Amino acid sequence: MGSHRRLVPSGFDRGARGATLCVLTAAAAALGVLPAGAAPQDDTRAEVDRLYEEAEHATESYNKADERTDTLRDQVDRAQDRMARQQDRINTMRDALGSLAGAQYRSGGLDPSLALMFSDDPDDYLDKAAVLDRISSRQAGELKELQGAMRDLSQEREEATRKLTELDRSRKAVARHKRTVEQKLSKARQLLNAMPDADRAAYDRASRSGGRVPDLTGAVPSSGRAAAAVAAARSAVGRPYVWGANGPTGFDCSGLTQWSYAQAGVGLPRTSQAQAHTGRPVPLSQAQPGDIVTYRGDASHVGMYVGNGQVIHAPYPGAPVRYDPVGMMPVNTVTRP
């Protein structure tokens, strides 16, 4: 569409304008932007592209839920470790106070206050000032410490229970988004398989980069780590789009940018929406190799700018990691990690 062309900065290599417009035409077809009077098979192509785009939205939701699940699982594991350590501490304090009670019993009987301490709820004992008067300050301190430890353990258990419930919800969300992606992709494949051979071949040609490597002469990354990330992204060109994957053998869009920057020692969030807010915003006209470019109003797609008006991205299933013009679809943000 016209808006796509306006997004290509005027400062980029004008000598490649003709080739860029050709690729933009293919990109428009891949996005379901069809000329007036398109043949019925073009409607099928548009439907396939729509399904791929919806699958990409669902993939990002899957990635977000999956990342949340991993975070919650780590939090639950740490909470369980803390509870185990706290329980050991409580057992040790109970043993020490038990020895004190035994010594008192042997020397003339167990103080009623210590008997209360060994009940399941020592709080009743500690809350009564009259009872506190019957024990030594050392015993009171030890019992207060035990009370605090038991209270902490109870809070840890409540928090762990809440996290486990949230973890269960997150796992269900992952499964739900996975089903959505699989349904969209399955329907897209069915439509593609039903296309006449010539139409399907034309669609496949529009979905391939054809091995073309654009001229990136003079493209200078913004930093050493950006240069390393660009080198990683370029090494991934030609590898397949695999939804939910972040390398090294396959990628979805945000998985590619995350993996590329990981090779440079930089951690990026898992989703394109989160990557849209990572780093310093820069104008598209000032983009440098290594900058992260997100697309569409909801930042549901992302690629890496590599210079001279080009990005590397993982487009959608069936289209491997490739170069495309930065203005292939409406740009949302450009950020510099």
Side-chain angles (χ1 to χ4, degrees), residues 1 4 19-34 41-42 44-60 62-63 181-195 197-214 232-260 271-272 275 292-296 299-306 309-331:
M1 293 176 62
H4 294 177
T20 296
L21 290 176
C22 290
V23 181
L24 280 173
T25 302
L31 290 170
V33 182
L34 301 167
Q41 59 265 30
D42 289 340
T44 302
R45 295 178 188 176
E47 176 67 6
V48 170
D49 295 327
R50 184 186 66 79
L51 288 166
Y52 277 154
E53 183 173 337
E54 290 178 357
E56 188 167 52
H57 284 268
T59 297
E60 287 301 289
Y62 168 90
N63 290 336
V181 174
E182 290 174 338
Q183 289 167 0
K184 299 288 185 185
L185 295 182
S186 176
K187 186 173 180 181
R189 282 192 294 269
Q190 290 173 6
L191 289 172
L192 282 172
N193 291 337
M195 277 185 180
D197 291 343
D199 293 332
R200 184 174 180 182
Y203 185 92
D204 289 341
R205 283 194 299 272
S207 301
R208 290 197 300 266
S209 61
R212 295 186 301 273
V213 178
R234 295 186 70 174
S235 75
V237 170
R239 296 181 195 175
Y241 181 104
V242 178
W243 74 266
N246 60 346
T249 57
F251 305 90
D252 60 23
C253 66
S254 57
L256 173 64
T257 46
Q258 184 190 49
W259 176 84
S260 298
T271 66
S272 58
Q275 290 178 12
I292 298 298
V293 183
T294 63
Y295 293 94
R296 307 189 188 108
S300 58
H301 189 73
V302 64
M304 181 183 296
Y305 186 71
V306 291
Q310 298 289 312
V311 293
I312 292 176
H313 68 134
Y316 48 79
V321 175
R322 71 189 189 195
Y323 296 92
D324 267 324
V326 68
M328 61 185 170
M329 63 182 84
V331 172

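As the structure is a computational prediction, the values presented were derived from the model and not from experiment. Values below: every heavy atom of this structure, side chains too, minus hydrogens, waters and symmetry copies.
- With sequence neighbours excluded, the residues forming a side chain to side chain contact (heavy atoms under 4.5 Å, CB included) with Gln190 are Ser186, listed by chain and number.
- Side-chain atoms of Tyr323 and Val237, non-hydrogen and from C-beta on, do get closer than 4.5 Å to each other.
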Next item on the list: Decide side-chain contact (heavy atoms from CB on, under 4.5 Å) for Met328 and His301; before the verdict, give the C-alpha distance in whole Å, the side-chain angles of both, and the deciding distance to 0.1 Å.
Entry: CA-CA 11 Å; Met328 61 185 170; His301 189 73; 4.1 Å; yes
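- Remark: Asn63 CG to Gln258 CD distance equals 8.5 Å, nearest 0.5 Å.
- Between His313 and Val321 there is no side-chain heavy-atom pair separated by less than 4.5 Å.
- Across all their heavy atoms, Gly250 and Ala245 have their closest contact at O-CB, 3.5 Å.
- Contacts of Tyr241 classified as ring pair (Phe, Tyr, Trp, His ring centres under 6.0 Å), with partners at least two apart in sequence or in another chain: none.
- Contact annotation: the side chain of Tyr295 approaches that of Val331 to within less than 4.5 Å [non-hydrogen atoms, C-beta and beyond].
- In this model, no donor atom of one side chain and acceptor atom of the other lie less than 3.5 Å apart for Asp252 and Asn246.
- Of all heavy-atom pairs spanning Pro320 and Pro315, the tightest one is O-CD, 3.2 Å.
- Closest approach of Tyr305 and Val326 over heavy atoms only: CD1-CG2, 4.1 Å.
- The neighbour count for Asn193 CG, taken as heavy atoms of other residues, nucleotides or ligands under 6.0 Å away, is above 12.
- What you find for Lys187 and Leu51 is that their closest heavy atoms are CG-CD1, 3.7 Å.
- Relative ring orientation between Tyr62 and Trp243 is described as perpendicular, the plane-to-plane angle rising above 60° on a 0-90° scale split at 30° and 60°.
- In terms of the side chain to side chain contact (heavy atoms under 4.5 Å, CB included) criterion, residue partners of Pro240 (sequence neighbours excluded) are, by chain and number, Val242.
- A heavy-atom distance below 4.5 Å is found between the side chains of Pro248 and Arg239.
- Side-chain contact, Thr257 with Gln275: a donor N or O sits under 3.5 Å from an acceptor N or O.
- Remark: Trp259 CH2 to Ser254 OG distance equals 14.5 Å, nearest 0.5 Å.
- Note: Met329 CE to Ser300 OG = 8.0 Å, rounded to the nearest 0.5 Å.
- Rounding to the nearest 0.5 angstrom, the gap separating the CD1 atom in Ile312 from the OG atom in Ser260 is 7.5 Å.
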